[in-house]
Amino acid sequence: MKVLIVYYSLYGHVARMAQAIAEGAKGVSGAEVVVRRVPETLPPEVIEKMGAAEAQKSLSQVPVCTLDELASADAVIFGTPTRFGMMCGQMRQFLDSTGQLWMKGSLVGKVGSVFTCTGTQHGGQESTVLSFHVTLLHQGMIVVGLPYSFAGQSIMSEITGGSPYGAGTIAGGKGDRMPSENELAGARFQGKHVAAIAAKLA
Ligand SMILES: Cc1cc2nc3c(=O)[nH]c(=O)nc-3n(C[C@H](O)[C@H](O)[C@H](O)COP(=O)(O)O)c2cc1C
């Protein structure tokens with residue numbers, strides 16, 4: 001049973017959450033977990049101006065996802081930073097390259113799930129994940145979120161990302177906040193939850 005985690009991350013927050021998602025998925029017996037990124041679409045000079053050149057040195061080492069990898073996965077967990085309340089353009093472009101998979105019904109019946117990161121506390125985690133789900137449903141995927149059985153969903157003791165729709169973290173206005181323990185726990189929970197459902201379906 002294959003769980004594919006595919007994400008875009010400019011500064012590393014979504015990448016950190018992807019690691020935690022992978023840890024969770026690996027906790028399910030028989031799960032083969034693969035982590036991939038989507039292709040970059042910004043020119044290097046723009047990445048430099050956005051202050052992400054240093055972070056990209058390591059982030060860009062992650063292999064780029066192929067359409068065959070999507071087609072052969074039993075579950076796909078997508079990670080995207082929020083851009084104006086929705087998924088980033090890099091992820092949109094990647095999804096828009098999956099038309100041939102849609103025509104063949106290659107993703108029908110697979111589990112699909114989404115996690116995210118915003119700069120601010122109310123910057124659009126829920127709108128990003130929910131609007132992403134529309135594409136998964138067009139592909140015929142079975143959408144899975146982050147249930148309230150993850151107790152960290154309901155805490156009031158600290159500021160935290162995440163929602164019933166999917167795990168999330170808050171980077172802060174300057175991007176200097178990394179995922180908290182609670183947010184990472186949510187990501188692990190989601191990874192395990194998706195893998196467990198995929199295992200039952202497989
Ligand atoms: C063009 C652009 C649009 C953004 N839009 C939002 C937004 O709507 N809401 C928000 O809270 N943060 C927004 N952000 C902040 C990003 O979501 C944040 O930098 C990102 O989640 C960090 O994740 P990463 O380190 O994995 O790239 C935006 C950033 C950029 C560059």
Side-chain angles (χ1 to χ4, degrees), residues 4-25 33-65 76-96 112-136 145-146 152-153 158-191 194:
L4 173 65
I5 299 159
V6 54
Y7 68 87
Y8 177 79
S9 183
L10 187 59
Y11 302 105
H13 300 83
V14 174
R16 179 67 191 92
M17 291 288 278
Q19 282 174 4
I21 294 260
E23 285 162 22
V33 181
V34 174
V35 179
R36 295 286 184 262
R37 69 184 171 97
V38 302
E40 183 56 86
T41 58
L42 292 175
E45 57 272 23
V46 174
I47 290 178
E48 176 84 42
K49 280 184 185 155
M50 292 175 87
E54 191 58 35
Q56 283 298 312
K57 280 183 192 161
S58 56
L59 292 171
S60 61
Q61 302 303 312
V62 176
V64 167
C65 188
V76 187
I77 310 178
F78 298 89
T80 175
T82 290
R83 296 278 186 265
F84 308 114
M86 303 183 94
M87 74 174 79
C88 64
Q90 291 84 350
M91 182 60 76
R92 184 71 262 162
Q93 182 137 331
F94 177 71
L95 293 175
D96 288 357
S113 196
V114 181
F115 63 101
T116 191
C117 175
T118 50
T120 59
Q121 198 181 342
H122 302 290
Q125 294 199 359
E126 297 181 11
S127 56
T128 299
V129 175
L130 285 169
S131 54
F132 201 128
H133 286 170
V134 174
T135 298
L136 303 189
L146 176 64
Q153 184 94 263
E158 62 183 60
I159 290 171
T160 192
S163 73
Y165 316 116
T169 183
I170 305 161
K174 293 182 180 161
D176 52 2
R177 179 184 183 273
M178 283 310 279
S180 69
E181 263 319 305
N182 191 58
E183 292 164 345
L184 292 170
R188 282 186 211 104
F189 191 106
Q190 186 174 347
V194 167

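Please read these numbers as outputs of a predicted model, since none were measured by experiment. Indexing begins at 1, ligand by ligand and atom by atom, following the structure's order.
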| Got more than 12 heavy atoms from elsewhere within 6.0 Å of CE, Met178? |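 Check passes, neighbour count above 12.
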Worksheet entry | Short side-chain donor-acceptor distance under 3.5 Å, Ser9 and Arg16 |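 Side-chain D/A pair, Arg16 to Ser9: absent.
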Between the protein and ligand 1, are there any N or O atom pairs that come within less than 3.5 Å of each other, and if so, what are their names and distances?
from	atom 1	to	atom 2	distance (Å)
ligand 1	5 (N)	Phe84	N	2.8
ligand 1	8 (O)	Phe84	N	3.0
ligand 1	8 (O)	Gly85	N	3.0
ligand 1	8 (O)	Gly123	O	3.4
ligand 1	9 (N)	Gly123	O	2.8
ligand 1	11 (O)	Gly119	N	3.0
ligand 1	11 (O)	Thr120	N	3.0
ligand 1	11 (O)	Thr120	OG1	3.0
ligand 1	12 (N)	Gly119	N	3.0
ligand 1	14 (N)	Thr82	O	3.4
ligand 1	17 (O)	Thr82	O	2.7
ligand 1	17 (O)	Cys117	O	3.4
ligand 1	21 (O)	Cys117	O	2.8
ligand 1	25 (O)	Tyr11	N	3.2
ligand 1	25 (O)	Gly12	N	3.0
ligand 1	25 (O)	His13	N	3.0
ligand 1	25 (O)	His13	ND1	2.6
ligand 1	26 (O)	Ser9	OG	2.6
ligand 1	26 (O)	His13	N	3.3
ligand 1	26 (O)	Val14	N	2.8
ligand 1	27 (O)	Leu10	N	2.8
ligand 1	27 (O)	Tyr11	N	3.1

Show every donor-acceptor pair shorter than 3.5 Å between a side-chain atom in residues 38-51 and any protein atom, with sequence neighbours excluded, or say none if there are none.
from	atom 1	to	atom 2	distance (Å)
Glu40	OE1	Tyr8	OH	2.6
Glu40	OE2	Tyr8	OH	3.3
Glu40	OE2	Leu42	N	3.0
Glu40	OE2	Gln90	NE2	2.9

* Asked: Between the main-chain N or O of Gly161 and the side-chain N or O of Glu183, is there a donor-acceptor pair closer than 3.5 Å?
  ->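 Checking the backbone N and O of Gly161 against the side chain of Glu183, a donor-acceptor pair under 3.5 Å is found.
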Keeping the roles fixed (side chain from Thr80, backbone from Thr116), state whether a donor-acceptor pair exists under 3.5 Å.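 It does not hold such a pair.
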Closest heavy-atom pair and its distance - Gln190, Ala167
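So the two residues come closest at OE1-N, 2.7 Å.
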